[in-house]
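What you see is a predicted model, and the numbers here were worked out from it, not measured in a lab.
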Amino acid sequence: MKTRVQGFLCAGVAACVAAGCCSDKGVDVKKSGAVEPSVVVKPFGKTKDGQLVNHYTLTGAGGVVMDVIDYGGKVVRLYTPDRSGAKTDITLGFNEVAGYETQDKYFGSLIGRYGNRIANGKFTLDGATYTLPTNNAPGSIPCSLHGGDKGFDAYVWHSEPLSEGKNVGIKFNMTSPDGDQGYPGKLDITVRYWLTPENVWRIEYEAVTDKATPVNMTQHLYFNFKGEAEGTILDHELTLFADRMTPVDKGLIPTGALVPVKGTPFDFTTPWLIGARIDADNEQLRFGGGYDHNWVLNSQSGKLAPAAALYEKTTGRYLEVWTTEPAIQFYCGNFLTDKVPGKRGKNLCHRGGLALETQHSPDSPNQPGFPSTILRPGAVYKTVTEYRFGVR
Ligand code: BGC
């Protein structure tokens, strides 16, 4: 494994682009054979308040390449091979920090302290009521989304390169102070991204607290297997290893019920094209403007188990999502618009990407029937999610 700071080590696509040996302008990069794993670090500009941001290119021994910044742990680019071996950037992101600050802060980002929604931005824990920023209001009903006004997506994390055998990665650390966005307790967080020779992107989340607090971290990467800004994801085929989902009200807050998906447009227990039933006459689909819901995974063991699979037939790209988490949010980019510029000068579009966010179900701090998200002092929050890339 090679590590270079400010390097032109021509092992990663971004480094190749910097060195002028391949193009990032939509031209697929062909590679064959084994690749030497590497981590290349370079600057990625500054946040609007002047913090320096580092940019890492992880080149996995299996050929997957990821560009990641330590601002929010955001994956800026993700190159995976198609059926013929051609690599394309299959995720949404921006070329500059300002894009994330002004357009969409969640693209490719780590999300916390609490991923997804908390009703009215309020919860009660051990007799005390806590108030969070209400930064979102589907159906004009305010809630707290993805950790509040300044979630973990908006922090510059401390970061360092990792290597272990043929695996390469990045370690991120940060401390969220007591009272951060209204949440109790000082939370110390470590997240590790690993890229393996088997083309697995493994994410390990860890946190400890000094006061009881809800924690529900996730990753908000968007996929489009045809390539960034190459149309909608309605033609992607999705499988969800979940027999039940959590229906929501028009504020996208779970009602508390766990409802079987059988016989509904939410049944992805066998592979379905995302677009096949999205316009069905269904109240839940109307509330979400399409799919923006939480599925209860069949595995509730806390052990790594399959959560989702995604396939796109023209490129052959195939993904399996495995997680230790009990639920997954499938969001098909209903709020994305063609006003958002892509990285290659082409605008995105409505449903131009989809997110598969492993987590506990939304609003768990107010839902006694859902598995608890409360982390207490002395306990360690530990979850793992793997995105396993391949072709079919
Ligand atoms: C949620 C969407 C929300 C989006 C914001 C997703 O996790 O499910 O409702 O609009 O995040 O990026």
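Ring orientation note: the planes of Phe223 and Tyr387 are tilted relative to one another, at an angle of 30° to 60°. Ring pair Trp295/Phe330 is tilted by interplanar angle, where 30° to 60° counts as tilted. Note: Phe225 and His236 have tilted aromatic rings, judged against thresholds of 30 and 60 degrees for the angle between ring planes.
Only one option out of Asn54, Asp153, Val76, Thr47 pairs with Tyr71 in a side-chain contact (heavy atoms from CB on, under 4.5 Å); it is Thr47.
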request  = Quick one: do Tyr222 and Phe107 satisfy ring-ring contact (aromatic ring centres under 6.0 Å, His included)? Show the steps, please.
outcome  = CA-CA 7 Å; Tyr222 284 96; Phe107 278 13; 5.2 Å; yes
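A centroid separation of 6.0 Å or more is found between the aromatic rings of Tyr114 and Phe152. Taking the six-membered ring for Trp, Tyr106 and His146 have ring centres closer than 6.0 Å.
Contact check for Thr131 versus Phe123: no side-chain heavy atoms found under the 4.5 Å cut-off. Residues Phe44 and Asp70 are not in side-chain contact: their nearest non-hydrogen atoms beyond the backbone lie 4.5 Å or more apart.
The cationic atom of Lys382 (NZ for Lys, CZ for Arg) does not lie both less than 6.0 Å from the six-membered ring centre of Tyr205 and within 45° of the ring axis. With a 6.0 Å cutoff to the six-membered ring centre and a 45° limit on the axis angle, Arg388 counts as a cation-pi contact of Trp322.
Listed by chain and residue number, Arg117 satisfy the side chain to side chain donor-acceptor pair (under 3.5 Å) test with Asn136 (two or more places apart in sequence, or in another chain).
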